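Everything on this sheet refers to the single structure shown next.
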Amino acid sequence: MLSFIQRTRNNTMSDKIQTVKINQLSRFYDVAGEKVRALDGVSLSIAPGEFIGLIGRSGSGKTTLLNLIAGLDRSSEGDIYFKGVNISDKSEDQLALFRRQEIGIIFQSSALLPLLTAYENIELPLRIGKISREERETRSYEVLDLVGMGHRAKHRPYELSGGEQQRIAIARAIVANPSVILADEPTGELDSVTAQRIFKLFRKLTDDRNISIIAATHDRGIIDTVDRVIELRDGKILLS
């Protein structure tokens, strides 16, 4: 049985169709003739609207797992199913389209483009996706308001605090209406109060938009906010 903390909500895992299903997933590298396993036989299911906290020490495999789910890296063994479709054998072009349509990614640093305003940073993925100008504007301002940053739309990243930059990054991640958000240490550069605000915003997104969120973090303060906490150790899910 997996070691996790389960919060009681209206819907349980058994009531939901799985958005992501991971089956015996492994990723290993050959280093000086020795096989090093960054991830070792991980199996996991994620339901729509589920908020998962992925914890573990540096080197435990958190980032590797997120990269595999996003199709940014290839597994050595095992399969990843997204809404019932195996994405493990998809081409790079197919994976790029998959990410654009289904996945939002948030990094430890906001990774905003410094010469663009907050609005322009958010709008950019829609522009790349060839969404009409009218719809780009509607959706961009909608998510700006959702993260409480409508009043900062015309500001550039250097004019924003760290927490404000991260909220813009979250808005950019959700503007394309993804099914899943993958967040890799999204509060690592923020103070504890701002970090809690970000976690509460994630909670709101899962509750209001039915987006599944996997947030890798060292911050155990996330425990009170998520549906499940899953701990990785040496590339494996910690067993009870």
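This structure is a prediction, so every number in the text was calculated from the model and none was measured. Note: hydrogens, waters and symmetry copies are ignored here, and every other heavy atom, side chains too, is used.
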How long is the gap from [atom1] on [X] to [atom2] on [Y], to the nearest 0.5 Å?
X	Y	atom1	atom2	result
N23	S43	CG	OG	5.0 Å
L95	I103	CG	CD1	10.5 Å
S60	H218	OG	NE2	6.5 Å
I198	D219	CD1	CG	11.5 Å
R74	I87	CZ	CD1	9.0 Å
Q196	I222	CD	CD1	8.5 Å

Can [Y] be reached from [X] by stepping across I, L, V, M, F, W or Y side chains whose heavy atoms are under 4.5 Å apart?
X	Y	answer
F28	I69	no
L65	F107	yes
I223	F202	yes
Y81	I214	no

Between the side chain of [X] and the main-chain N/O of [Y], is any donor-acceptor distance below 3.5 Å?
X	Y	value
S88	I80	yes
S26	G41	yes
R156	L115	yes
S212	A47	yes
Q166	P186	yes
K62	G56	yes

Min side-chain heavy-atom separation [X]-[Y] under 4.5 Å:
X	Y	result
E102	F82	yes
R27	S76	yes
M149	E164	yes
I55	T217	yes
S140	L126	yes

Partners meeting salt bridge (charged side-chain N to carboxylate O under 4.0 Å, His left out) with D89 (sequence neighbours left out)
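Counting only residues at least two positions away or on another chain, D89 forms no salt bridge (charged side-chain N to carboxylate O under 4.0 Å, His left out).
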List for me each residue that meets salt bridge (charged side-chain N to carboxylate O under 4.0 Å, His left out) alongside E185, sequence neighbours excluded, and say none if there are none.
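For E185, no residue satisfies salt bridge (charged side-chain N to carboxylate O under 4.0 Å, His left out) once neighbours in sequence are set aside.
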Between L68 and I22, is a side chain to side chain contact (heavy atoms under 4.5 Å, CB included) present by the stated rule, with each step listed?
CA-CA 10 Å; L68 291 172; I22 299 165; over 6 Å; no
Would R197 and L190 count as a side chain to side chain contact (heavy atoms under 4.5 Å, CB included) if you check the C-alpha gap in whole Å, the side-chain angles of each, and the deciding distance to 0.1 Å?
CA-CA 10 Å; R197 289 174 181 164; L190 305 177; over 6 Å; no
Pairwise side chain to side chain donor-acceptor pair (under 3.5 Å) hits with a residue in residues 119-128, at least two apart
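Those involving residues 119-128 are T117-E120, E123-R127, E123-R136.
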Heavy-atom pair with the smallest gap, counting every atom of [X] and [Y]:
X	Y	value
Q165	L160	NE2-O, 3.2 Å
R228	I46	NH2-CA, 4.3 Å
V226	G53	CG1-N, 3.9 Å
L112	P157	CB-CG, 3.8 Å
D73	Y29	OD2-OH, 3.4 Å
H155	H151	CE1-O, 3.9 Å

Could you identify which residues cluster with I128, counting Ile, Leu, Val, Met, Phe, Trp and Tyr as linked when any side-chain heavy atoms lie under 4.5 Å apart, either directly or through a chain of such contacts?
L113, L116, L124
Charged N to carboxylate O under 4.0 angstrom, E142 versus R209?
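Salt bridge present between E142 and R209.
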Would you please test D184 and I106 for side chain to side chain contact (heavy atoms under 4.5 Å, CB included) and show each step?
CA-CA 6 Å; D184 193 2; I106 303 169; over 6 Å; no
So, is the end of the R203 side chain (NZ or CZ) under 6.0 Å from the ring centre of F199 and within 45° of the ring's axis?
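Checked: cation-pi criterion not met.
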Anything under 3.5 Å between a donor and an acceptor, one on a side chain of residues 167-176, the other on a protein residue two or more places apart or in another chain? List them.
| from | atom 1 | to | atom 2 | distance (Å) |
| --- | --- | --- | --- | --- |
| R167 | NH1 | V147 | O | 3.1 |
| R172 | NH1 | A111 | O | 3.1 |
| R172 | NH2 | S110 | O | 2.8 |

side-chain contact (heavy atoms from CB on, under 4.5 Å) with S91: which residues, sequence neighbours excluded?
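D93, Q94.
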Decide yes or no on side chain to side chain contact (heavy atoms under 4.5 Å, CB included) for D234 and D40, but give the supporting numbers first.
CA-CA 8 Å; D234 299 326; D40 190 1; over 6 Å; no
